[in-house]
Amino acid sequence: MALSVVGAGLPRTGTLSLKHGLEHLLGSPCYHMSELRANPAHATTWADAFEGRPVDWAAFFAPYAATVDVPSAHAWEAIAAAFPGAVVVLSTRESAEKWWDSMDQTIYARFRKAWRARSGAGSEPDTPEQPDMRRMFRAMTRDGFPKYADDRAGAMAYYDAHNAHVRATVPAGRLVEWTVGDGWGPLCAALGRPEPEMAFPRLNSTKTFQETFAKDPLPGG
């Protein structure tokens, strides 16, 4: 199948809620960081993409109807170009400060913990997937939000610049700006689907994230 939605929003902008909402609307899987956690061999594709190597996006996304969150948000332009019929959904928070507050307590906290662990002795042995996972995160750290884990001002500036670039790049008729508070409306209007009677899913709060990933070694989510 071809993607119907390309998510350009950064993590901690309701992307897990968006994933589940889109899966309900489209009746097919939506790619999210949780898919990479379940399929660590996918890191090879993402690392190649972030290092400028060609990727067959049609083949990679064949099982999916949508993609949101990282790592795809770091390649949203290439993915959107590969699926010109897909709408681009920019998920956001109320402000850059709110985004930082959420990141600081969740994903950035995990990055800082992982970096401290790697700087010490006794690291875990490699698995076949780990080198490409590290290659992927190195590329993301070089060019994206991970490098601002200890830089509040830099992170907020990156968030604002990322969103501004999406708005300036995607034609108005193709772009859907969305927050969790918007619920079904903007998505259903863009996709031509009726609004479900069920409430829009609200998932992955800061507390839930912290509890879920407390023992998970993979920096991200």
Side-chain angles (χ1 to χ4, degrees), residues 1-11 13-91 127-140 143-145 162 165-166 169-171 173-178 184 186-194 196 198 200-201 203-204 216 218-221:
M1 70 182 75
L3 291 184
S4 296
V5 173
V6 175
L10 293 173
T13 59
T15 54
L16 188 60
S17 299
L18 182 57
K19 165 186 165 64
H20 284 269
L22 289 171
E23 287 178 339
H24 183 79
L25 285 179
L26 300 172
S28 296
C30 173
Y31 199 95
H32 175 274
M33 185 65 176
S34 55
E35 293 291 318
L36 175 59
R37 293 178 65 249
N39 300 279
H42 288 183
T44 302
T45 296
W46 293 113
D48 286 347
F50 298 155
E51 292 175 352
R53 295 179 176 86
V55 171
D56 185 345
W57 293 117
F60 183 79
F61 284 120
Y64 302 94
T67 182
V68 299
D69 197 58
V70 290
S72 61
H74 274 288
W76 73 266
E77 287 185 83
I79 298 169
F83 298 96
V87 298
V88 177
V89 175
L90 176 62
S91 53
T127 67
E129 294 82 14
Q130 281 179 336
D132 279 339
M133 193 73 76
R134 287 199 301 270
R135 187 162 63 96
M136 182 194 79
F137 275 106
R138 278 199 302 269
M140 289 173 63
D143 298 326
F145 76 90
H162 173 86
H165 177 67
V166 175
T169 303
V170 182
R174 190 182 184 190
L175 178 64
V176 179
E177 295 204 40
W178 180 88
W184 297 112
L187 302 174
C188 291
L191 295 170
R193 304 294 175 99
M198 63 178 279
F200 195 87
L203 305 170
N204 209 23
D216 186 343
L218 175 63

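P29 places none of its side-chain heavy atoms less than 4.5 Å from the side chain of K19. The shortest side-chain heavy-atom distance between C188 and P196 falls under the 4.5 Å cut-off. By the 4.5 Å heavy-atom criterion applied to side chains, I79 and F61 are counted as neighbours. Annotation: side chain of H20 is not in contact with side chain of H24 (no heavy-atom distance under 4.5 Å). Residues V170 and W76 have side chains in contact (heavy-atom distance under 4.5 Å, counting atoms from C-beta outward). Side-chain contact between L3 and T67 is present, with heavy atoms from C-beta onward closer than 4.5 Å. Annotation: side chain of P71 is in contact with side chain of M33 (closest heavy-atom distance under 4.5 Å).
Rounding to the nearest 0.5 Å places CZ of F145 at 10.0 Å from NE2 of H162. Interatomic distance, Y31 OH to F60 CZ, rounded to the nearest 0.5 Å: 4.0 Å. To the nearest 0.5 Å, the span separating OG1 on T45 from CG on D56 amounts to 9.5 Å. The distance from the CZ atom of R135 to the CZ atom of F50 is 11.0 Å, given to the nearest 0.5 Å. Here the OG1-CD distance, from T169 to E77, works out to 5.0 Å after rounding to the nearest 0.5 Å. The structure places NE2 of H32 at 3.5 Å from CG of D69, a figure rounded to the nearest 0.5 Å.
The side-chain contact (heavy atoms from CB on, under 4.5 Å) with V89 is formed by just one residue from the set L187, L191, V68, V6; it is L187.
Closest of all the heavy-atom pairs between E23 and C30 is OE2-N, 2.9 Å. Taking every heavy atom of both residues into account, G9 and T15 meet most closely at O-CG2, 4.3 Å. Contact between W57 and A78 at its shortest, heavy atoms only, is NE1-CB, 3.9 Å. Across all non-hydrogen atoms, the minimal contact from W46 to M136 is CB-SD, 3.6 Å. In terms of heavy-atom proximity, L25 sits nearest to R193 at O-NH1, 2.7 Å. Closest heavy-atom contact between A66 and L26: CB-CD1, 4.1 Å.
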Practice prompt. Carefully, step by step, assess S28 and Y64 under the rule side chain to side chain contact (heavy atoms under 4.5 Å, CB included).
Written response: CA-CA 6 Å; S28 296; Y64 302 94; over 6 Å; no

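One N or O on the side chain of R174 and one on the backbone of A86 form a donor-acceptor pair closer than 3.5 Å.
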